[in-house]
Amino acid sequence: MSGLILLAILVGFAVLLGGWAIGIYNGLVTARNAFRNAFAQIDVQLQRRFDLIPNLVETVKGYLTHERQTLEAVIAARGAAVSGLSAAKANPGDPAAMAELGQSQGMLNSALGRLLAVAEAYPDLKANQNMMQLTEELTSTENKVAFARQAYNDSVMAYNNRREVFPSSIVAGMFNFAPAALLDIPADRAEVREAPKVQF
């Protein structure tokens with residue numbers, strides 16, 4: 001009789017332990033899917049941005065004939081950014097892919113910044129309706145990218161916290177839940193750290 005009671009206790013404990021492990025596993029899968037979905041939102045906004053850039057270059061091209069190097073830098077940076085996004089889409093959260101995406105986006109931000117700074121020197125270009133509309137759309141898209149990136153980074157942090165805390169770390173290790181990387185764009189970091197210059 002006592003053997004049956006001991007067996008029932010062991011079976012009950014195994015069922016509880018199995019249910020606990022399944023709950024943790026499902027929570028890790030849910031968190032991983034959340035950050036992957038958040039990355040999909042970044043993808044949507046970056047694709048929109050990439051689609052705007054050729055139109056911007058075409059609009060500017062007629063005015064900036066002697067600024068060919070600036071235009072070529074934007075086109076090259078866009079190509080690198082598209083490649084970086086493709087690598088990150090294949091494996092969202094992968095540290096190497098996210099670093100490549102962040103670096104390529106930083107280069108594109110820098111090239112676009114130079115292009116828009118050069119365009120400021122041409123009053124006719126600034127007044128061009130097409131240029132004004134493209135600049136407004138680009139600014140709107142940049143804001144959406146920033147919001148999507150923040151949501152992604154928040155989701156990655158929640159996932160990483162979940163996989164690192166005990167006892168979830170045991171289940172995460174057993175099932176190879178790898179850490180996910182944040183999306184850090186170097187140019188954004190430099191702009192945040194640099195204090196605004198005020199002149200009177």
Report task. Grab the two heavy atoms, one from M98 and one from A88, that are nearest each other, plus how far apart they are. Result -> SD-CB, 4.1 Å
Requested in this report: Measure the spacing between CD of Q129 and CG of L134 and express it to the nearest 0.5 Å.
Outcome: 10.5 Å
Query raised in the report: If you group Ile, Leu, Val, Met, Phe, Trp and Tyr by side-chain heavy-atom gaps below 4.5 Å, do V29 and I170 land in one group?
Result: yes
Query raised in the report: Would L17 and F166 show up in the same hydrophobic cluster when neighbours are defined by side-chain heavy atoms closer than 4.5 Å?
Result: yes
Query raised in the report: Between F50 and I75, is there a shared hydrophobic cluster once you connect ILVMFWY residues whose side-chain heavy atoms come closer than 4.5 Å?
Result: yes
Report summary line: Here the gap from I185 atom CD1 to L101 atom CG, rounded to the nearest 0.5 Å, amounts to 6.5 Å
Requested in this report: Find the distance between CE (M107) and CD (Q105) and round it off to the nearest 0.5 Å.
Outcome: 10.0 Å
Query - Residue Q103 excluded, over 12 heavy atoms near CD under 6.0 Å - result: no
Report summary line: On a heavy-atom basis, the closest approach of S104 and A80 is CB-O, 3.6 Å
Query raised in the report: Among pairs that include at least one residue of residues 77-111, which meet ring pair (Phe, Tyr, Trp, His ring centres under 6.0 Å), considering only residues two or more places apart or in two chains?
Result: none
Report summary line: All heavy atoms of Y152 vs all of A38, minimum pair found to be CA-CB, 3.5 Å
Requested in this report: Ignoring hydrogens and angles, tell me if any N or O in the side chain of T59 forms a donor-acceptor pair with the backbone of N55 under 3.5 Å.
Outcome: yes
Query - Value rounded to 0.5 Å, distance of CG in L116 from CE in M131 - result: 5.5 Å
**Report entry** Which atom of V145 lies closest to which atom of Q45, heavy atoms considered
**Finding:** CG2-CB, 3.6 Å
Query raised in the report: Within the distance-only criterion (no hydrogens, no angle test), does the side chain of N153 pair as donor or acceptor with the backbone N or O of L183 below 3.5 angstrom?
Result: yes
Query raised in the report: Once the angle between the rings of Y159 and F35 is folded into 0 to 90°, is it parallel (under 30°), tilted (30 to 60°) or perpendicular (over 60°)?
Result: tilted
Report task. Taking the side chain as every heavy atom from C-beta outward, state whether E142 and N109 have any atom pair closer than 4.5 Å. Result -> yes
Query raised in the report: Does R162 use its side chain to pair, donor to acceptor, with the backbone of A31 at less than 3.5 Å?
Result: no
Query - Nearest heavy-atom neighbours spanning A73 and R114 - result: CB-NH2, 3.9 Å
Requested in this report: Test side chain to side chain donor-acceptor pair (under 3.5 Å) on D51 and Q47 and set out the steps.
Outcome: CA-CA 6 Å; D51 292 344; Q47 289 295 339; over 6 Å; no
Query raised in the report: Is there a donor-acceptor pair under 3.5 Å between the side chain of N160 and the backbone N or O of A180?
Result: yes
**Report entry** Considering all heavy atoms, the nearest V74-L108 contact
**Finding:** O-CD1, 4.1 Å
Requested in this report: Mind checking ring pair (Phe, Tyr, Trp, His ring centres under 6.0 Å) for Y25 and listing every partner two or more places apart, or none if nothing turns up?
Outcome: F175, F177
Report task. Tell me, with the steps shown, if L28 and I24 meet side chain to side chain contact (heavy atoms under 4.5 Å, CB included). Result -> CA-CA 6 Å; L28 287 165; I24 289 176; 4.1 Å; yes
Query - Interatomic spacing from CG in L56 to CG in L71 - rounded to 0.5 Å - result: 9.0 Å
Query raised in the report: Do V156 and F147 share a hydrophobic cluster (ILVMFWY, side-chain heavy atoms under 4.5 Å, transitive)?
Result: no
Report task. State the CZ-CG distance between R78 and L85, to the nearest 0.5 angstrom. Result -> 11.0 Å
